[in-house]
Visitor: 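The structure is given below, and queries will be raised subsequently.
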Amino acid sequence: MSIQTVGIVGAGTMGNGIAQVAAVAGLKVVMIDVTDAALEKGIATLTNSLARLVSKDKLDAALRDAAIARIETSTDYARLAEADIVIEAATENTELKQRILKQIEAAARPDAIIATNTSSISITALGATLAEPGRFIGMHFFNPVPLLPLVEVIRGVRTSDETAATVRALTETLDKSPIGVRNSPGFVVNRILVPMINEAFFVLYEGIATAEEIDAGMKLGANHPIGPLALADLIGLDVCLSVMDVLYRDFADSKYRACPMLREYVAAGRLGRKTRQGVYRYE
């Protein structure tokens, strides 16, 4: 299958980022969300992102304008009928994703691929929600989508070879680098990364060092470009907590227990950059 039109459900951080890279790659985009306000915010975010690329001479202004023109927004799932692939990019919540996937399947063409951008939830389990799980696959982009080149392409037990091959080709069309991943909690990157972030929270929680010192230690001693606590703020503390909870539940291993401080910050609404306060405060 040749992908010409990409449907995206969710206009948040990941959804509008995927919309941006798809439109820049010359594909038509249909972005769906529950409210016009959410869609307007998503378009504003990606427009500002494109403007920054133009200001840094990384994108031509004419290409920016053409990309924006390729993006259609709607609150009506019926608009997904023309999409060759629909990517679900909603909040990391199993029940919510299952509900959205059923709505996508009802609206999409029978031959359209359905993908999820989940960062940790089982692709096999989500695929079981659908009548035809062979056309379902994980397509995990990383935040910020326009800048990070990796996409984890995750096959469920029943994902077809054709679906996997088409999605790998699409990933390359988007100028991203795919890695093939077998379905497992947290997949590859988050299985390694988020427990490290969680351990940094334990070090902070136990008063071993300040947040600044922890981040400086990992930057200067491990050559990380950003400290784990600052990275948690960028990812979103709620997302980090969701991943830890999935790992803890699915592996039934206490080493994946979320740090109480991480849980407290999420309960307090300190989610990181998107709420202007997480481990650090942002103006």
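Counting from 1, the numbers follow the sequence of the chain as shown. Quantities reported herein were computed from a predicted structural model and do not represent experimental measurements.
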Visitor: Flag the pair Arg263 / Asp245 as yes when at least one side-chain heavy-atom distance between them is below 4.5 Å, and no otherwise.
Guide: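 Arg263 reaches Asp245 side chain to side chain.
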Visitor: Using 0.5 Å steps for rounding, measure from the NZ atom of Lys28 to the CD atom of Glu72.
Guide: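 Here the interatomic distance stands at 5.5 Å.
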Visitor: Has Thr124 got a side-chain atom pairing as donor or acceptor with Val157's backbone, closer than 3.5 angstrom?
Guide: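 Confirmed, Thr124 side chain pairs with Val157 backbone.
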Visitor: So, Asp238 and Lys274, do they make that salt bridge, N to O below 4.0 Å?
Guide: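 Here Asp238 pairs with Lys274 in a salt bridge, since their nearest N and O are under 4.0 Å apart.
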Visitor: Rounded to the nearest 0.5 Å, what separates atom CG in Leu241 from atom CZ in Phe201?
Guide: 9.5 Å
Visitor: Could you check Asn183 against Ser122 for side-chain hydrogen bond (donor to acceptor under 3.5 Å, both in side chains), going step by step and ending with a plain yes or no?
Guide: CA-CA 6 Å; Asn183 186 55; Ser122 168; 3.1 Å; yes
Visitor: Go through the structure and list residues passing side chain to side chain contact (heavy atoms under 4.5 Å, CB included) with Glu206, not counting sequence neighbours.
Guide: Phe202, Ile208
Visitor: Do Tyr248 and Asn198 pass the side-chain hydrogen bond (donor to acceptor under 3.5 Å, both in side chains) test, and can you show the C-alpha distance, the side-chain angles, and the key distance before you say yes or no?
Guide: CA-CA 12 Å; Tyr248 182 71; Asn198 190 57; over 6 Å; no
Visitor: Enumerate the ring-ring contact (aromatic ring centres under 6.0 Å, His included) contacts for residues 101-158, please, sequence neighbours excluded, ordered by first and then second residue.
Guide: His140-Phe142
Visitor: How long is the gap from CG on Leu126 to CG on Leu101, to the nearest 0.5 Å?
Guide: 6.0 Å
Visitor: Counting only N and O atoms by type, is there a donor-acceptor contact under 3.5 Å from the side chain of Asp33 to the main-chain atoms of Leu39?
Guide: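 It does not hold such a pair.
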Visitor: Considering non-hydrogen atoms only, spot the tightest contact between Pro195 and Asn190 and give its length.
Guide: CD-O, 3.2 Å
Visitor: Just how far is it from atom CZ of Arg52 to atom CG of Leu147, taken to the nearest 0.5 Å?
Guide: 8.5 Å
Visitor: In Å, rounded to the nearest 0.5 Å, how long is the span from CG of Asp84 to CZ of Arg109?
Guide: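 The CZ atom of Arg109 is 4.5 Å from CG of Asp84, to the nearest 0.5 Å.
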Visitor: To the nearest 0.5 Å, what is the distance between CG (Leu50) and CG (Leu59)?
Guide: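 The distance works out to 6.0 Å.
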Visitor: Flag the pair Arg135 and Asp111 as a salt bridge only when some basic side-chain nitrogen lies within less than 4.0 angstrom of an acidic carboxylate oxygen.
Guide: no
